[in-house]
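Note sheet for the following structure.
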There are 2 protein chains.
Amino acid sequence: MDREIKILIVEDDHAVREGLNMLISGSRGFNCVAACASAEEALKIIPETLPDVVLMDINLPGMNGIDCVVCIRSAHPEIQVMMLTVFDNSEDIFKSLAAGATGYLLKKTPPAKLLEAITELVNGGSPMSGEIARKVVQTFMKPSAYQFPDANLTPREEEILSYLAKGYLYKEIANALFINIETVRTHIHKIYQKLQVRTRTEVLLKFMNR
Amino acid sequence: MDREIKILIVEDDHAVREGLNMLISGSRGFNCVAACASAEEALKIIPETLPDVVLMDINLPGMNGIDCVVCIRSAHPEIQVMMLTVFDNSEDIFKSLAAGATGYLLKKTPPAKLLEAITELVNGGSPMSGEIARKVVQTFMKPSAYQFPDANLTPREEEILSYLAKGYLYKEIANALFINIETVRTHIHKIYQKLQVRTRTEVLLKFMNR
DNA sequence: ATAAAAATCACACATTCGTGTGATTGATTA
DNA sequence: TAATCAATCACACGAATGTGTGATTTTTAT
């Protein structure tokens with residue numbers, strides 16, 4: 001890890017782009033291999049420059065940053081993409097992560113923190129601004145934290161529920177647990193009563209956020 | 001934010017517990033209000049001490065740390081819990097977050113980073129060790145994102161799919177769209193072919209991540 | 001030791017779901 | 001204009017699911 005980190009910037013605002021360029025180029029261990037003003041330009045240059053990290057704005061003319069991430073990651077899965085944007089709304093965050101971004105910083109991040117985050121990114125981390133991380137973490141809380149704990153499911157019921165939620169057929173659950181399918185049906189019947197649902201689909205919807 | 005941050009430690013290993021206690025007590029702006037060796041002890045002391053932050057080990061005698069988080073958060077939702085453990089397996093991570101923990105650090109975290117993370121926690125962030133954050137972020141990446149957009153669903157099929165994903169029965173979809181249930185079945189049959197699935201549950205699982 | 005809870009299996013019935021095949025109508029397009 | 005596609009409806013069959021009721025065994029808790 002004593003090689004310079006090759007960075008490519010995608011940012012349509014000229015001033016911001018050049019600011020980032022100077023910051024990176026002027027920092028030991030970091031090398032800015034390109035600074036693009038559009039997603040299209042970046043996609044063209046990436047095969048030639050093969051950066052380690054892409055700093056990606058979301059709001060771009062033409063193709064947006066999130067779709068650009070999809071393109072980059074499908075062609076070069078080893079490239080780490082860090083979103084760098086002013087948007088902190090949930091939709092952008094989760095679309096970005098779903099698209100394959102592994103970091104998400106807000107533009108207000110101070111320069112030193114940005115460089116630190118880039119380093120963490122190439123070292124297998126996923127740096128996020130505080131409020132971003134909180135939103136990400138909170139998505140794990142809702143379903144299981146509110147409804148399920150008070151449903152008072154027994155350990156066995158929890159176990160069967162987990163198979164149910166994975167889409168296993170009753171007979172498959174029975175095979176996996178070495179019990180009769182009738183037993184599976186009995187358990188699921190009780191689970192449904194406790195969770196106040198009537199179908200497997202409703203269970204799935206409870207796992208998600210409605 | 002000029003008040004001292006009140007911290008409660010739950011950690012069964014005596015040496016680690018005292019080490020943390022000394023670190024916190026010896027740092028300006030941090031105040032260790034209690035250091036407990038078990039979850040039960042913590043639950044008893046919390047109402048008296050009302051900490052801002054709880055540092056929680058997972059592997060504890062008696063009640064484990066994750067269940068302890070559930071108890072704490074249900075009684076005191078304003079208390080922030082940071083897991084502090086040697087375990088970095090996915091199950092512990094996601095159970096902890098589901099239980100309501102908002103931070104997750106590994107024990108190898110250096111003291112300065114730990115204090116920084118506690119500060120970030122009370123400021124609305126969700127500090128995580130690098131490899132933890134990466135695992136969390138990766139759950140949002142969907143391989144299904146490839147198949148869905150290009151599945152070439154017609155507008156009507158998309159519409160019916162949306163009802164399907166909401167858990168509507170076939171007959172309910174038919175009523176909502178003023179069409180015959182047979183038509184619904186035909187559409188769904190084609191949708192399943194295009195999405196390469198065999199059950200409604202598999203569709204839901206495609207919507208989710210894995 | 002006894003009561004309660006959890007886990008197991010059984011049977012019957014009705015509903016829902018997924019598949020296969022086929023047909024009609026209207027709109028789009030080559 | 002002919003071919004294609006989207007949307008509609010129909011029928012039949014089997015698989016899977018959900019419900020109700022009841023029973024036995026094991027484990028846990030009081």
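Since this is a predicted model, take the numbers as computed values, not measurements. In what follows, every chain begins at residue 1, and chains take the letters A, B, ... in the order their sequences are listed.
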Q.
Near DNA chain D, counting only heavy atoms under 4.0 Å, which residues of residues 171-178 of chain A show up?
A. A:K171
Q: Without swapping roles, check the side chain of A:T49 against the backbone of A:V33 for a donor-acceptor pair under 3.5 Å.
A: no
Q) When rounded to the nearest 0.5 angstrom, what distance separates CD1 in B:I160 from CD1 in B:I188? A) 6.5 Å
Q. Do B:R17 and B:D57 sit within salt-bridge range, that is, some charged N less than 4.0 Å from a carboxylate O?
A. no
**Q.** Nucleotide D:dT17, atom C1' - distance to CD1 of A:I160 in whole Å
**A.** 15 Å
(Q) Counting only side-chain heavy atoms from C-beta out, which of D:dA7, D:dT17, C:dT16 sits nearest to A:Y170? (A) D:dT17
(Q) Any salt bridge linking A:K166 with A:E172? Criterion: basic side-chain nitrogen under 4.0 Å from a carboxylate oxygen. (A) no
Q.
Please report the interatomic distance CD1(B:I72) to CG(B:D67), rounded to the nearest 0.5 Å.
A. 11.0 Å
Q: Would you kindly give the CD1-to-P distance between B:I181 and C:dT15, to the nearest whole Å?
A: 13 Å
Q: Return the residues of residues 183-193 of chain B meeting this criterion: a heavy atom under 4.0 Å from some atom of DNA chain C. Order them by number, or give none.
A: B:R185, B:H189, B:Y192
Q: Take atom NZ of A:K135 as the centre, draw a 6.0 Å sphere, and report whether it contains more than 12 heavy atoms from other residues, nucleotides or ligands.
A: yes
Q: Send over the distance from A:R200 CZ to C:dG18 P, rounded to a whole Å.
A: 10 Å
Q. Should B:E182 and B:R185 count as an ion pair when the cut-off is N to O under 4.0 Å?
A. yes
Q: To the nearest Å, give me how far apart CG (A:L195) and C1' (D:dT19) are.
A: 16 Å
Q.
I want to check one thing: is the phosphate of C:dT8, taken as OP1 and OP2, less than 4.0 Å away from some side-chain N or O of A:R156?
A. yes
Q) Rounded to the nearest Å, what distance is computed from the CG atom of residue A:N180 to the P atom of nucleotide C:dA10? A) 5 Å
Q: Report the distance from atom CD of B:E157 to atom P of D:dT8, rounded to the nearest whole Å.
A: 10 Å
**Q.** Nucleotide D:dT17, atom C1' - distance to CZ of B:R198 in whole Å
**A.** 16 Å
Q. Using 4.0 Å as the upper bound for N to carboxylate O, is an ion pair formed by A:R156 and A:E159?
A. yes
Q: Take atom CD of A:E182 and atom C1' of D:dA23, then tell me their distance rounded to the nearest Å.
A: 13 Å
Q: Look up atom CD in A:Q80 and atom CG in A:L121, then write down how far apart they are to the nearest 0.5 Å.
A: 5.0 Å
